2 protein chains.
Amino acid sequence: MLEKIAVSKGQKGKSTQDDIVYAHIFDAILEQRIAPGTKLNEESLGEIFGVSRTIIRRALSRLGYEQVVVLRPNRGAVVASPSIEEARQIVFSRRIIEKAVTELVIENAEDAQIDKLKKLVLDEQNCFDRGDRGAGIRLSGEFHLRMAELANNAPLLSFQRSLVSQCSLIIAQYESGAKSHCSYDEHFELIDAIRQRDKAKAVSLMMHHLDHIEKKLNFDEDTSSNDLKSVFSNIFAKK
Amino acid sequence: MLEKIAVSKGQKGKSTQDDIVYAHIFDAILEQRIAPGTKLNEESLGEIFGVSRTIIRRALSRLGYEQVVVLRPNRGAVVASPSIEEARQIVFSRRIIEKAVTELVIENAEDAQIDKLKKLVLDEQNCFDRGDRGAGIRLSGEFHLRMAELANNAPLLSFQRSLVSQCSLIIAQYESGAKSHCSYDEHFELIDAIRQRDKAKAVSLMMHHLDHIEKKLNFDEDTSSNDLKSVFSNIFAKK
DNA sequence: CTCAAACAGCTTGTATACAATTAAGATATA
DNA sequence: TATATCTTAATTGTATACAAGCTGTTTGAG
């Protein structure tokens, strides 16, 4: 059964069981099929995937390390639901990383590699056009990941992976319905600037790109939240 | 028995078993009591710490995620031994993060918090003066971690944690004997610049600080290496 | 004597059973 | 009725047993 799922998800052959489970839960969270705050019960997940709790626990630890789920000792895992403040910190970090990544890509990547990126953005466009917002958000994240790959720096790539995941969560949580969050138009523009090796322009485009995410955050600040402390903070006087 | 170790290490009370095991292996690696490349056998570690393989595996995964050990599927964990190229990437990442951190600290940290840092550097000085190089390297890393804490940005802090660990490994691996690697003098200077809220000077000091690490890398490049591919690259013709 | 295939051991991967902890409901007391 | 304590069910934490995989050695054929 797991085999079938693995194939349907197009995972590489060498995937072990926890990789598969990890990838499925990860995708489900980023595509908003599981809401932020949802409790992730180990035994239920085990039954769903047909594996023991051992495997589920490994997958959950990994998700916990990437901050996509929150692990509460003795109380299990829940899907992360970043607060506005946490979201701001995450976007801030991305600013720093994306700037460096963009510059590295311009310095190091070959034309052919950059062209490949375009295909990915076409896929992304496709998803949004046919209304699959979840997959669109994920592909949009993948675009930024591929950029980091072309930067040729392993630690930056792994940090970017974590940041992009968390950003997708934030977008899923805070951005209102139909609006395209991370418009593929901007991705196309960015690729062109990189292709022309125009560092200043590319970095500036990237920063604007992130501005858009952050502006949405401010705009939708009043969205209902799971963070009880912030919901009721106006009732109780501050210490 | 574990209890005793926990106390002797001054861990906080809420430490669970894997935290303790994790911390011990971590410290042992960073203090060079285990050499890079050493195989970490699960059962042996289990006996040493008096816990089951379950706990050891959790600790090893975590170390693997932080890149302090390398996990090879079906073949166990070994202490990481970064190649020169990997080391360069790590130092490059640190340049980016440390610049951002330094600026944030100057913007956000209170005088009292900065003063606290000074005590830490005194401890560091102490260690080197009395010849405890291992502990010195660890404290030097802790200095940079504290800086990241004062920056008030959770994702940056967690990335910094991973980078600092890896850097300590690099220093332990490549730097020759007695030389102080990350001289505490520079830490003192840095603190002063931050205290005066002199961004340009502080950032420049920090960059020089990292230059020193990197220069050592180049200088000691000929040190015997575990990277067989590079060792024998002169024998076989390139494809 | 060289090389290859089969075997044995040891180590890691996974499932399961049991212990410890938490959360919720029930009962009792003021 | 409100509060506190006890009890119980559910869930997580840990140990252990068994399965699968790798490594090194032995054995046999060329």
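Keep in mind that what you see is a predicted model, and the values were worked out from it rather than measured.
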For [X] and [N], give me the distance from atom [atom1] to atom [atom2], rounded to whole Å.
{"X": "A:Phe49", "N": "C:dT14", "atom1": "CZ", "atom2": "P", "answer": "15 Å"}
{"X": "B:Asn41", "N": "C:dG9", "atom1": "CG", "atom2": "C1'", "answer": "13 Å"}
{"X": "A:Glu47", "N": "C:dT16", "atom1": "CD", "atom2": "P", "answer": "12 Å"}
{"X": "A:Arg58", "N": "D:dT12", "atom1": "CZ", "atom2": "C1'", "answer": "18 Å"}
{"X": "A:Arg72", "N": "D:dT12", "atom1": "CZ", "atom2": "C1'", "answer": "11 Å"}
{"X": "A:Glu43", "N": "D:dG13", "atom1": "CD", "atom2": "P", "answer": "14 Å"}
{"X": "A:Glu42", "N": "D:dG13", "atom1": "CD", "atom2": "C1'", "answer": "9 Å"}
{"X": "A:Ile20", "N": "C:dG13", "atom1": "CD1", "atom2": "P", "answer": "15 Å"}

Checklist outcome for this item: Side-chain contact check for B:Lys39: nearest option of C:dT12, D:dA15, D:dT11 is C:dT12
Checklist entry - Taking the side chain of A:Arg57 as heavy atoms from C-beta outward, which of C:dT11, D:dT12, C:dG13 is closest to it? => result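 The answer is D:dT12.
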Checklist entry - What string of B, S and - do you get for nucleotides 17-23 of chain C, 5' to 3', when a contact is any protein heavy atom under 4.0 Å? => result ----SSS
Next on the checklist: When you measure from the side-chain N and O atoms of A:Ser52 to the phosphate of C:dA15, is any distance below 4.0 Å, counting only OP1 and OP2?
Outcome noted: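 Yes.
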Checklist entry - Given C:dG13, is OP1 or OP2 found less than 4.0 Å from the side-chain N or O atoms of A:Gln17? => result no
Checklist entry - Taking the six-membered ring for Trp, are A:Phe159 and B:Phe159 parallel (under 30°), tilted (30 to 60°) or perpendicular (over 60°)? => result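 Parallel: the ring planes of A:Phe159 and B:Phe159 meet at under 30°.
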Next on the checklist: Can you classify the ring geometry of A:His187 versus A:Phe143 as parallel (below 30°), tilted (30 to 60°) or perpendicular (above 60°)?
Outcome noted: parallel
Checklist entry - Are the side chains of A:Gln166 and A:Pro82 in touch, meaning some heavy atoms are under 4.5 Å apart? => result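 They are not in contact (no side-chain heavy atoms under 4.5 Å apart), so the answer is no.
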Checklist entry - Any side-chain heavy atom of B:Val21 sitting closer than 4.5 Å to one from B:Leu45? => result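 Contact flag for B:Val21/B:Leu45 side chains = no.
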Checklist entry - Is atom NZ of B:Lys116 surrounded by more than 12 heavy atoms (other residues, nucleotides or ligands) closer than 6.0 Å? => result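 Result for NZ/B:Lys116: open.
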Item to check | Side-chain donor-acceptor contact under 3.5 Å, B:Glu98 with B:His144 | outcome: yes
Next on the checklist: Tell me if a side-chain donor or acceptor on A:Gln89 pairs with a main-chain N or O of B:Asn152 at a distance below 3.5 Å.
Outcome noted: yes
Checklist entry - Is there a donor-acceptor pair under 3.5 Å between the side chain of B:Ser168 and the backbone N or O of B:Val164? => result yes
Checklist outcome for this item: Contacts satisfying salt bridge (charged side-chain N to carboxylate O under 4.0 Å, His left out) that involve residues 52-61 of chain A (not counting sequence neighbours) are A:Asp18-A:Arg58, A:Glu42-A:Arg53, A:Glu42-A:Arg57
Item to check | Interface with DNA chain C, restricted to residues 61-71 of chain B and to heavy atoms under 4.0 Å | outcome: none
